[in-house]
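Notes follow once the structure below has been shown.
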Amino acid sequence: NFPIDEIEYYYLLAINSSTSELQIKNIYSILLSIFQSSGDVSKILEYTDKVMSLNNLNKDDISSDVYLKKWFDLNRSLGLYNNIYNYIDLLYNESSNIKDKLYLTIEKAKTYFYDENIENAIQAFDELLFDYEQDLLSYKDYFSEIYYYLGEIHLKFKYDYKTALNYFD
C-alpha cells in the first residue's frame with residue numbers, strides 16, 4: 001500500500017509523458033476514482049475539473065453531462081458558489097433548449113439555497129414556475145425538484161409550515 005500522494009505523483013508523471021488525449025483523460029479518470037474512494041473533496045473537484053475540461057460538453061444536451069452535476073455538488077460542498085454562478089451564466093447563454101435552461105436555472109436556484117441567499121432562490125424558483133408552466137407535464141422531475149426546494153425554504157427559513165406543506169404536496 002502506497003500513500004495516496006505518491007500514487008498521484010506517479011499518475012501525474014504518466015500524464016506528463018503521455019502523447020494521447022484519450023490516455024490523459026483515462027488517467028485523470030483513474031485519479032478521480034482514487035480520490036472518490038478516499039473522500040478528498042478538493043481533489044475530487046480538481047480531477048472532475050480536469051476530466052470536464054477534456055470532455056466536449058454537448059451544447060445541445062447540457063443537462064445529461066455526467067460530470068456537470070457532480071461538479072455543481074462538489075463546488076457547493078466547498079462553498080465555491082461564485083464558480084457555479086459564473087459557469088451557469090456561461091452555459092445558459094450557450095444552451096439551446098428548454099430542458100437545459102430549466103436544468104441550469106434550477107442548479108443556480110439550488111446554489112442560492114445552499115448559499116443561504118433565500119430571496120434569490122425563491123425568486124428563481126418562482127420565475128421557473130411562471131415562465132415554464134406550460135412545460136410542467138414534459139419536465140415533471142424538474143418541477144418536483146422546484147416544489148421540493150420551495151417547501152424546504154418555507155419550512156426551514158420562513159417557518160411557514162402550511163405553505164411548505166402545500167409545496168411538498
Side-chain angles (χ1 to χ4, degrees), residues 12 15 18 20-37 39-154 156-157 167:
L12 292 175
I15 287 171
S18 179
S20 158
E21 189 174 301
L22 179 62
Q23 198 174 37
I24 292 170
K25 183 177 165 184
N26 288 338
I27 295 170
Y28 279 135
S29 294
I30 291 168
L31 283 166
L32 176 59
S33 294
I34 290 169
F35 284 105
Q36 282 175 328
S37 64
D40 186 337
V41 177
S42 62
K43 285 291 187 178
I44 295 169
L45 178 60
E46 177 183 341
Y47 289 112
T48 300
D49 278 340
K50 300 274 188 192
V51 171
M52 282 177 59
S53 70
L54 293 172
N55 277 342
N56 292 325
L57 186 65
N58 181 353
K59 303 294 185 202
D60 295 324
D61 195 13
I62 293 170
S63 58
S64 69
D65 189 277
V66 174
Y67 294 101
L68 190 57
K69 180 178 179 359
K70 182 175 294 203
W71 185 85
F72 287 141
D73 292 340
L74 289 168
N75 274 282
R76 280 188 206 109
S77 72
L78 294 171
L80 302 172
Y81 305 115
N82 285 331
N83 289 355
I84 298 171
Y85 298 136
N86 294 334
Y87 197 51
I88 286 175
D89 290 343
L90 175 77
L91 290 177
Y92 190 87
N93 292 331
E94 297 175 3
S95 64
S96 60
N97 60 57
I98 291 172
K99 181 181 179 188
D100 289 341
K101 289 186 183 298
L102 271 168
Y103 172 72
L104 292 169
T105 307
I106 289 170
E107 289 300 325
K108 190 172 194 175
K110 285 167 48 178
T111 304
Y112 287 138
F113 173 82
Y114 289 105
D115 194 9
E116 295 188 4
N117 193 337
I118 300 307
E119 294 310 315
N120 281 352
I122 291 171
Q123 181 180 353
F125 285 129
D126 284 343
E127 284 175 7
L128 282 169
L129 291 175
F130 181 77
D131 292 345
Y132 295 100
E133 183 179 16
Q134 71 279 4
D135 300 305
L136 178 67
L137 293 177
S138 301
Y139 303 103
K140 289 179 184 177
D141 290 347
Y142 288 148
F143 282 93
S144 63
E145 192 170 15
I146 292 168
Y147 287 119
Y148 168 79
Y149 275 97
L150 283 169
E152 285 287 309
I153 288 168
H154 284 279
K156 293 180 179 175
F157 294 97
Y167 281 120

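Between Glu152 and Lys110 no salt bridge is recorded (no basic side-chain N to carboxylate O distance below 4.0 Å). A salt bridge is absent between Asp135 and Lys99; no separation between the charged side-chain nitrogens and carboxylate oxygens falls under 4.0 Å. Using a cut-off of 4.0 Å between Lys/Arg side-chain N and Asp/Glu carboxylate O, Asp73 and Lys69 are scored as salt-bridged.
Side chains of Met52 and Lys70 form no contact here, defined as non-hydrogen atoms less than 4.5 Å apart. Leu31 has its side chain within reach of Ile15: a pair of non-hydrogen atoms, C-beta onward, lies under 4.5 Å apart.
No more than 12 heavy atoms of other residues, nucleotides or ligands sit less than 6.0 Å from atom CD of Glu21. Within 6.0 Å of atom NZ in Lys50, 12 or fewer heavy atoms from other residues, nucleotides or ligands are found, so the atom counts as exposed in its surroundings.
Not a single donor-acceptor pair under 3.5 Å links the side chain of Asp115 to the backbone N or O of Thr111.
Ring geometry for Tyr167 against His154 counts as parallel: the plane angle stays under 30°, on a 0 to 90° scale with 60° as the upper cut.
Proximity of the aromatic rings of Tyr112 and Tyr85 is defined here by a centroid distance below 6.0 angstrom, and this criterion is met. For Phe35 and Tyr47, the ring centers are positioned less than 6.0 Å apart.
Screening Thr105, Asn120, Ile153 against Phe125 for a side chain to side chain contact (heavy atoms under 4.5 Å, CB included) leaves a single residue, Ile153. The only member of Phe143, Phe157, Phe113 that meets ring pair (Phe, Tyr, Trp, His ring centres under 6.0 Å) when paired with Tyr149 is Phe113.
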